[in-house]
Amino acid sequence: MATVYFDEATRRFAGHDKSAVDSITLDIADGEFLVLVGPSGCGKSTTLRMLAGLEPINGGRILVDGHDQQGVRPRDRDIAMVFQSYALYPNMTAAQNMAFALDNAKVSKSETKSRVAEAAKILELDELLDRKPGSLSGGQRQRVAMGRAIVRNPKVFCMDEPLSNLDAKLRVSTRSQIAGLQRRLGITTVYVTHDQVEAMTMGHRVAVLRDGRLQQVDTPERLYDHPVNTFVASFIGSPSITLVESKVEQGVASVHGLAVPLQRDVAARAGGSVVVGFRPESWRIVGAGDGAGDGARSETGVESLAISVDLVESLGSESFVYGRPVGAEEASRVTVRLEKRTHLRVGDVVNVVPNQGEVHVFDASTGDRISD
Ligand SMILES: Nc1ncnc2c1ncn2[C@@H]1O[C@H](COP(=O)(O)OP(=O)(O)OP(=O)(O)O)[C@@H](O)[C@H]1O
Ligand SMILES: [Mg+2]
């Protein structure tokens with residue numbers, strides 16, 4: 001077990017003006033499951049490879065258990081990588097694949113045997129140990145790859161999109177297996193994904209990267225409730241947050257004509273315009289009923305936004321209604337989550353209001369959060 005500390009760690013590839021990983025500072029606790037997430041090319045794999053010693057660093061330091069890793073060879077770092085491509089040896093059985101690194105490290109035969117058996121038990125691979133990768137399913141191969149990392153009993157696990165080759169259903173079940181396994185083993189883990197749902201469901205904390213720069217490191221709840229900028233706000237959450245650039249006059253933001261009063265201190269920090277963000281669940285339908293059986297409820301004195309429905313997604317337990325504010329330009333979209341099924345249809349017009357205290361406010365020029 002170990003702590004990991006990135007201290008302004010930087011990686012710039014030869015011939016590139018911009019750093020692929022730009023001065024990242026990240027303090028990872030012993031036993032923590034930290035997820036690195038961000039769009040393609042933002043520097044996730046490079047960050048992980050720097051930690052594993054597979055990529056040199058051009059600035060800053062990386063400490064494992066307080067020890068600077070500069071000059072420490074990858075195989076001396078005691079870090080086990082699990083990649084997207086499992087890269088199992090096709091001619092070896094599952095057991096031999098798992099034992100391979102230990103044989104190389106001159107671990108005794110009996111010790112190897114017991115570690116492989118233990119990992120196989122944890123991963124429910126007992127019955128499959130004599131099979132070769134060719135006769136294993138994707139999920140089983142993935143577990144062998146995990147087993148290969150576990151038997152090493154490393155200080156740190158580095159996992160780079162290990163689930164992306166699995167189909168959607170298997171991904172969901174394997175995701176909870178990995179998270180559960182990590183909790184039981186308590187091995188510090190840095191896990192890379194571009195899937196925000198994976199990030200939110202697996203990590204103790206999630207680090208959001210953009211263009212090589214760290215945007216925010218927080219618990220999943222904090223990221224969702226308090227995104228530090230519009231990038232994080234739109235990256236985290238599915239369906240995405242609705243962001244609307246709005247003029248502010250006398251402390252009130254005008255969102256497609258809907259008056260959204262800003263808290264006094266937020267208004268004081270806001271310039272002439274802000275970006276206002278609404279999560280799908282932060283809207284409720286007023287006036288004409290939504291057909292969800294709740295009945296029509298009109299709220300006098302509350303201005304509402306009329307939206308014309310252009311897509312309805314019914315997922316069974318909940319529905320998402322996508323619409324365009326009446327009179328707004330084509331590109332404007334608002335997403336509304338309804339708890340139950342809805343009878344709304346494309347072309348219907350509904351009135352919605354935001355729940356008080358659930359609006360996110362960002363600076364229009366920098367995109368930085370200005371609400372609490
Ligand atoms: N060996 C290399 N030489 C030059 N540039 C590289 C090299 N490896 C990565 N890059 C660049 O560094 C940036 C970060 O790449 P990286 O592979 O870390 O992204 P990523 O976040 O893992 O993306 P993805 O989600 O697509 O895997 C990209 O712009 C990429 O093109
Ligand atoms: Mg990558």
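As the structure is a computational prediction, the values presented were derived from the model and not from experiment. By convention here, the first residue in the shown sequence is residue 1.
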Minimum heavy-atom separation for [X] and [Y], please, with both atom names.
X	Y	result
Gly367	Phe362	O-CD2, 3.6 Å
Pro227	Gln216	CA-OE1, 3.4 Å
Pro239	Thr335	CB-CG2, 3.9 Å
Ala99	Thr112	CB-CG2, 3.5 Å
Ala253	Leu262	CB-CD2, 4.1 Å

* **cation_pi(Arg61, Tyr5) dist<6.0 Å, angle<=45** => no

* To do: Validate the cation-pi geometry between Arg11 and Phe13: distance from NZ or CZ to the six-membered ring centre under 6.0 Å, angle to the ring axis within 45°.
  => yes

Under the salt bridge (Lys or Arg N to Asp or Glu O under 4.0 Å) test, which residues partner [X], sequence neighbours left out?
X	answer
Arg264	none
Asp211	none
Asp160	none
Asp225	none

Does some side-chain heavy atom of [Y] sit less than 4.5 Å from a side-chain heavy atom of [X]?
X	Y	value
Leu311	Arg333	yes
Leu102	Asn104	no
Met146	Leu123	yes
Val172	Leu170	no
Glu161	Lys44	yes
Trp283	Asn355	no
Gln142	Pro162	yes
Phe33	Met202	yes

* **Member of Gln263, Arg269, His360 meeting the side-chain contact (heavy atoms from CB on, under 4.5 Å) criterion with Ile370** =>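 Going through Gln263, Arg269, His360 one by one, the side-chain contact (heavy atoms from CB on, under 4.5 Å) with Ile370 is satisfied by Arg269 alone.
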
* Option among Gln215, His226, Arg210 that satisfies the side-chain contact (heavy atoms from CB on, under 4.5 Å) test with Val232 -> Gln215

* Begin from the C-alpha positions of Arg115 and Asn153 and carry the test side chain to side chain donor-acceptor pair (under 3.5 Å) through to its verdict. => CA-CA 9 Å; Arg115 284 207 217 167; Asn153 193 21; over 6 Å; no

* Go through Ser365 and Asp363 one step at a time and tell me if the side chain to side chain donor-acceptor pair (under 3.5 Å) criterion holds. => CA-CA 6 Å; Ser365 50; Asp363 186 289; 2.7 Å; yes

* ILVMFWY cluster membership beyond Tyr89 - transitive side-chain contacts under 4.5 angstrom -> Met92, Phe100

* Could you list who else is in Phe6's hydrophobic cluster, with ILVMFWY side chains joined at under 4.5 Å, directly or through other members? => Val4, Val21, Ile24, Leu26, Ile28, Leu34, Leu36, Leu48, Met50, Leu51, Leu54, Ile57, Ile62, Val64, Ile79, Met81, Phe83, Val156, Val190, Val192, Leu209, Leu214, Val217

* Given Tyr191 and Gln182, is the side chain to side chain donor-acceptor pair (under 3.5 Å) satisfied, shown in steps? -> CA-CA 11 Å; Tyr191 184 102; Gln182 194 276 342; over 6 Å; no

* Which is it for Glu339 and Glu318 under the side chain to side chain contact (heavy atoms under 4.5 Å, CB included) test, yes or no, and what are the steps along the way? -> CA-CA 5 Å; Glu339 293 224 358; Glu318 59 183 355; over 6 Å; no

* Under a single-linkage definition using a 4.5 Å side-chain heavy-atom cutoff for Ile, Leu, Val, Met, Phe, Trp and Tyr, are Phe235 and Met200 assigned to the same hydrophobic cluster? -> yes

* Asked: Would Leu258 end up clustered with Val350 when hydrophobic side chains under 4.5 Å apart are linked, directly or stepwise?
  ->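 Looking at the clustering, Val350 is in the same group as Leu258.
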
* Candidate pair Gln70 and Asp68, rule side chain to side chain donor-acceptor pair (under 3.5 Å), full reasoning -> CA-CA 6 Å; Gln70 188 64 38; Asp68 193 337; over 6 Å; no

